[in-house]
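See structure below.
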Amino acid sequence: MIYTVLVAAFLVVPITVSAQSVADRLNDYPTAARADYVFACMVTNGQTREMLDRCSCSIDLIASILPYERYEQAETVLSMRRVGGERMAFFKSAVLADNMVADLRRAQAEAEIVCF
């Protein structure tokens, strides 16, 4: 009987420890990353209060679709694609890299529809 209780307790602990709340998932983007996105968005679309609201909406929606780790990976791939040279060919031709960027582009497209 004690064995059953210990096993049950052992099985419950990893589930509750690894569980992430919705608020945590939606807020896993560092403030600096959100601010960078908003600043770049406003430079592109205009530096008005309306654009501040729209750009903030956009990064919030992207954050609700993509975990920060995947966002960061896609941004890294895009950054590396701007660098020339033979060593960067992987970032321009790899299917995995293309999929990362495609996921980010889909999230950005949805944000564009909702926020702009």
Side-chain angles (χ1 to χ4, degrees):
M1 184 154 166
I2 294 174
Y3 178 73
T4 307
V5 172
L6 290 174
V7 171
F10 177 73
L11 293 176
V12 172
V13 171
I15 294 171
T16 57
V17 170
S18 66
Q20 189 178 26
S21 72
V22 173
D24 289 340
R25 281 183 297 183
L26 294 178
N27 198 24
D28 68 340
Y29 281 51
T31 302
R34 287 179 187 263
D36 283 343
Y37 181 92
V38 171
F39 288 145
C41 177
M42 289 179 68
V43 166
T44 303
N45 296 300
Q47 297 181 7
T48 64
R49 176 65 192 183
E50 179 185 3
M51 281 304 122
L52 173 64
D53 293 339
R54 290 177 187 259
C55 293
S56 298
C57 169
S58 181
I59 190 60
D60 289 345
L61 189 64
I62 290 168
S64 74
I65 296 170
L66 281 179
Y68 180 67
E69 183 178 344
R70 288 179 47 205
Y71 172 83
E72 188 176 38
Q73 290 168 348
E75 285 291 328
T76 301
V77 169
L78 290 171
S79 195
M80 298 307 284
R81 285 182 174 179
R82 288 190 279 268
V83 176
E86 192 176 305
R87 292 182 179 176
M88 298 305 136
F90 169 78
F91 294 102
K92 296 179 181 178
S93 63
V95 174
L96 180 60
D98 288 342
N99 290 340
M100 288 178 193
V101 172
D103 289 344
L104 176 58
R105 295 288 185 228
R106 279 190 289 276
Q108 287 173 328
E110 187 164 336
E112 177 98 13
I113 291 168
V114 173
C115 301
F116 290 90

Item to check | Residue pairs, two or more places apart or on separate chains, that pass disulfide bond (SG atoms under 2.5 Å apart) and touch residues 65-116 | outcome: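 Residue pairs with at least one partner in residues 65-116: C57-C115.
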Checklist entry - With the 4.5 Å side-chain cut-off for hydrophobic clustering, are L96 and V83 part of the same group? => result yes
Next on the checklist: Check for me, please, whether V77 and V95 land in the same ILVMFWY cluster - side-chain distances under 4.5 Å, paths through other members count.
Outcome noted: no
Checklist entry - Just by distance, do the side chain of S56 and the backbone of L52 share a donor-acceptor pair under 3.5 Å? => result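 Such a contact is found between S56 side chain and L52 backbone.
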Item to check | Any donor-acceptor N/O pair, S64 side chain to L61 backbone, under 3.5 Å | outcome: yes
Checklist entry - Who are the side chain to side chain donor-acceptor pair (under 3.5 Å) partners of Y37, not counting sequence neighbours? => result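 For Y37, the residues satisfying side chain to side chain donor-acceptor pair (under 3.5 Å) (neighbours in sequence not counted) are S58.
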Checklist entry - What pair of heavy atoms forms the shortest contact from C55 to N45, and how long is it? => result SG-ND2, 4.3 Å
Checklist entry - If we ignore angles and hydrogens, is there a donor and acceptor under 3.5 Å between the side chains of R70 and Q73? => result no
Item to check | Residue list, side chain to side chain contact (heavy atoms under 4.5 Å, CB included) with F39, at least two apart or on another chain | outcome: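 So F39 forms a side chain to side chain contact (heavy atoms under 4.5 Å, CB included) with A35.
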Item to check | Contacts of R106 that satisfy side chain to side chain contact (heavy atoms under 4.5 Å, CB included) - sequence neighbours left out | outcome: A102, D103
Kindly compute the distance separating [atom1] ([X]) from [atom2] ([Y]), expressed to the nearest 0.5 Å.
X	Y	atom1	atom2	answer
Q47	M42	CD	CE	5.5 Å
E69	M100	CD	CE	9.0 Å
T31	D36	OG1	CG	11.0 Å

Next on the checklist: Quick one, L78 with L104, criterion side-chain contact (heavy atoms from CB on, under 4.5 Å). Give me CA distance, side-chain angles, the key distance, then yes/no.
Outcome noted: CA-CA 10 Å; L78 290 171; L104 176 58; 3.8 Å; yes
Checklist entry - Charged N to carboxylate O under 4.0 angstrom, D98 versus R81? => result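 Looking at R81 together with D98, the answer is yes, because their closest N to O distance falls below 4.0 Å.
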Checklist entry - According to the salt bridge (charged side-chain N to carboxylate O under 4.0 Å, His left out) rule, which pairs have a member within residues 47-59, sequence neighbours left out? => result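 As it turns out, the salt bridge (charged side-chain N to carboxylate O under 4.0 Å, His left out) pairs with a partner in residues 47-59, which skip direct neighbours, are R49-D53, E50-R54.
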Next on the checklist: Show every salt bridge (charged side-chain N to carboxylate O under 4.0 Å, His left out) that has at least one partner inside residues 39-48, sequence neighbours left out.
Outcome noted: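 Matches after skipping sequence neighbours: none remain.
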Checklist entry - Taking the six-membered ring for Trp, are Y29 and Y71 parallel (under 30°), tilted (30 to 60°) or perpendicular (over 60°)? => result tilted
